[in-house]
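Throughout, numbering of the chain's residues begins at 1 and tracks the sequence.
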Amino acid sequence: MELLTVGASFACFRLLNWELHRLVPPPSSALRNPWKWRNIWTSFVHSLITGSWALLGFYLHPEMAEDLISTHSLLSRSLVAVSIGYFIHDFLDMLQNQKLHKSWELLFHHIVVITCFGISGILRRYVGFAVVALLVEINSIFLHLRQILLMANLLKTTFYRVNSLLNLGTYVIFRISTLAWMTRWLVLNRDNIPLLIYTIGSVGMAIMTVMNIILFCRLLRSDFLKSAQDPQCEKEK
């Protein structure tokens, strides 16, 4: 069941990516890199869907929050499978269209996520933990929207400034705080988790934490500490 969902998700995001040139034509400022325009919009759609889905999963099944190891629902398993399909699509999309020295960090990020989510899907355990991880996608909505606004040359607009504030606020709440909580949960539950799974989870969390702290510093410097300069586009899943 989950394998079919992964395949269907991959196909849907692939199709969406192909059709975005017609659905959301790139502005003149983005014509020099139409692939990136489509890629960011696809990522934005994924974040919008999975971030909302993760919140809904905990709202409909609050008992999952009390047992992140074995308690889950079909809804939450499907969410993890859909995300795996997306990350496989995005991995291949970047591999085919972007130079390795520009994308290796995100490719590595995707390998870690696919591995961890894949273990959860195969074992049908730790699904709740994976859904917690997907709460970071709430922040990714504003993170990807920031890139879209930058590519559309809308840097000096009120909408961009408001989005920057929302991006920073949700980054702290749904990304940094979530990663810190997940790390604490792993440490407190290490006796209930097989050594191999615990090691993979710990290494994955360490990598994600370092990557997200670096990205946070870049965003803070770009959007708030150097407002007179053009901020760099940063992409994070």
Side-chain angles (χ1 to χ4, degrees), residues 1-20 38-39 41-61 63-65 67-98 103-104 106-138 140-141 144 178 182 185-186 189 192-205 207-208 235-237:
M1 176 63 178
E2 281 78 10
L3 191 59
L4 289 175
T5 305
V6 170
S9 172
F10 172 83
C12 287
F13 281 110
R14 204 72 167 173
L15 180 61
L16 174 64
N17 188 263
W18 286 337
E19 290 296 320
L20 273 170
R38 296 195 311 273
N39 180 268
W41 267 103
T42 304
S43 299
F44 175 77
V45 172
H46 167 259
S47 297
L48 196 62
I49 293 172
T50 56
S52 304
W53 195 338
L55 284 176
L56 182 64
F58 280 112
Y59 175 76
L60 295 177
H61 303 279
E63 66 276 7
M64 188 168 60
D67 179 13
L68 299 180
I69 297 177
S70 57
T71 300
H72 59 264
S73 63
L74 177 60
L75 185 72
S76 57
R77 289 206 314 271
S78 299
L79 168 60
V80 174
V82 166
S83 286
I84 292 173
Y86 161 75
F87 283 116
I88 293 174
H89 151 74
D90 199 51
F91 181 90
L92 295 176
D93 193 40
M94 287 189 292
L95 204 60
Q96 293 167 354
N97 295 284
Q98 197 169 33
S103 61
W104 71 267
L106 277 175
L107 292 173
F108 186 58
H109 166 276
H110 285 16
I111 290 172
V112 172
V113 173
I114 292 168
T115 300
C116 293
F117 282 14
I119 290 172
S120 172
I122 292 170
L123 299 179
R124 292 198 175 186
R125 292 175 66 80
Y126 317 107
V127 175
F129 190 74
V131 175
V132 171
L134 284 167
L135 289 174
V136 304
E137 294 298 333
I138 295 171
S140 294
I141 295 170
H144 296 317
T178 297
M182 290 172 69
W185 184 91
L186 268 177
N189 289 272
N192 301 321
I193 304 173
L195 180 60
L196 179 60
I197 303 298
Y198 178 76
T199 301
I200 294 173
S202 298
V203 171
M205 289 305 305
I207 292 169
M208 295 301 161
K235 180 178 177 184
E236 174 62 37
K237 305 296 178 180

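For the pair H46 and H144, the minimum side-chain heavy-atom distance is 4.5 Å or more. With a 4.5 Å cut-off on side-chain heavy atoms, L123 and I197 count as touching. No side-chain heavy atom of W53 sits under 4.5 Å from any side-chain heavy atom of L134. Inter-residue side-chain proximity for F108 and I207 is flagged as met; some heavy-atom pair is nearer than 4.5 Å.
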message: Run the side chain to side chain contact (heavy atoms under 4.5 Å, CB included) test on N97 and N39 for me, step by step, so that the C-alpha distance in whole Å, both residues' side-chain angles and the decisive distance to 0.1 Å come before the verdict.
response: CA-CA 10 Å; N97 295 284; N39 180 268; over 6 Å; no
query: Under the side chain to side chain contact (heavy atoms under 4.5 Å, CB included) criterion, do E2 and V80 qualify, and how do the steps go?
result: CA-CA 9 Å; E2 281 78 10; V80 174; over 6 Å; no
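Of the inter-residue distances, the one linking F87 atom CZ with F91 atom CZ reads 12.5 Å to the nearest 0.5 angstrom. Going from atom NE2 of H110 over to atom CE of M94 covers 3.5 Å, rounded to the nearest 0.5 Å. Between atom CG of residue L79 and atom OG of residue S52 there is a gap of 10.5 Å, rounded to the nearest 0.5 Å. Atom OG1 of T50 and atom CG of L56 lie 12.5 Å apart (nearest 0.5 Å). Here the CZ atom belonging to R38 is positioned 7.5 Å from the CG atom belonging to D93, to the nearest 0.5 angstrom. Note: C116 SG to I111 CD1 = 11.5 Å, rounded to the nearest 0.5 Å.
Looking at every heavy atom in both residues, V6 comes nearest to A81 through CG2-O, 3.4 Å. The minimum heavy-atom distance between G204 and V112, with the atom names listed, is CA-CG1, 3.8 Å. The two residues Y86 and S43 come nearest to each other via the heavy atoms OH-OG, 2.7 Å. Across all their heavy atoms, M182 and A133 have their closest contact at CE-CB, 3.5 Å. Here the closest non-hydrogen pair linking H72 and M64 is CA-SD, 4.0 Å. Nearest heavy-atom pair across L186 and Y198 is O-CE1, 3.3 Å.
Within the 3.5 Å criterion, the main-chain N or O of W185 finds a donor-acceptor partner in the side chain of N189. Side-chain atoms of S9 never come within 3.5 Å of backbone atoms of T5 as a donor-acceptor pair (strictly under, hydrogens ignored).
Scanning for side-chain hydrogen bond (donor to acceptor under 3.5 Å, both in side chains) contacts around T71 gives D67, with sequence neighbours left out. Scanning for ring pair (Phe, Tyr, Trp, His ring centres under 6.0 Å) contacts around F44 gives W41, with sequence neighbours left out. E63 meets the salt bridge (charged side-chain N to carboxylate O under 4.0 Å, His left out) test with no other residue; sequence neighbours excluded. Every residue meeting the side-chain hydrogen bond (donor to acceptor under 3.5 Å, both in side chains) condition with S76, not counting sequence neighbours, appears here in chain and number order: S73. F10 pairs by the ring pair (Phe, Tyr, Trp, His ring centres under 6.0 Å) definition with nothing, not counting sequence neighbours.
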Which donor-acceptor pairs under 3.5 Å do the side chains of residues 11-19 make with protein atoms, sequence neighbours left out?
| unit_1 | atom_1 | unit_2 | atom_2 | d |
| --- | --- | --- | --- | --- |
| R14 | NH1 | H89 | ND1 | 3.4 |
| R14 | NH2 | Q96 | OE1 | 3.1 |
| N17 | ND2 | T42 | OG1 | 3.1 |
| E19 | OE1 | R22 | NE | 3.1 |
| E19 | OE1 | R22 | NH2 | 2.8 |

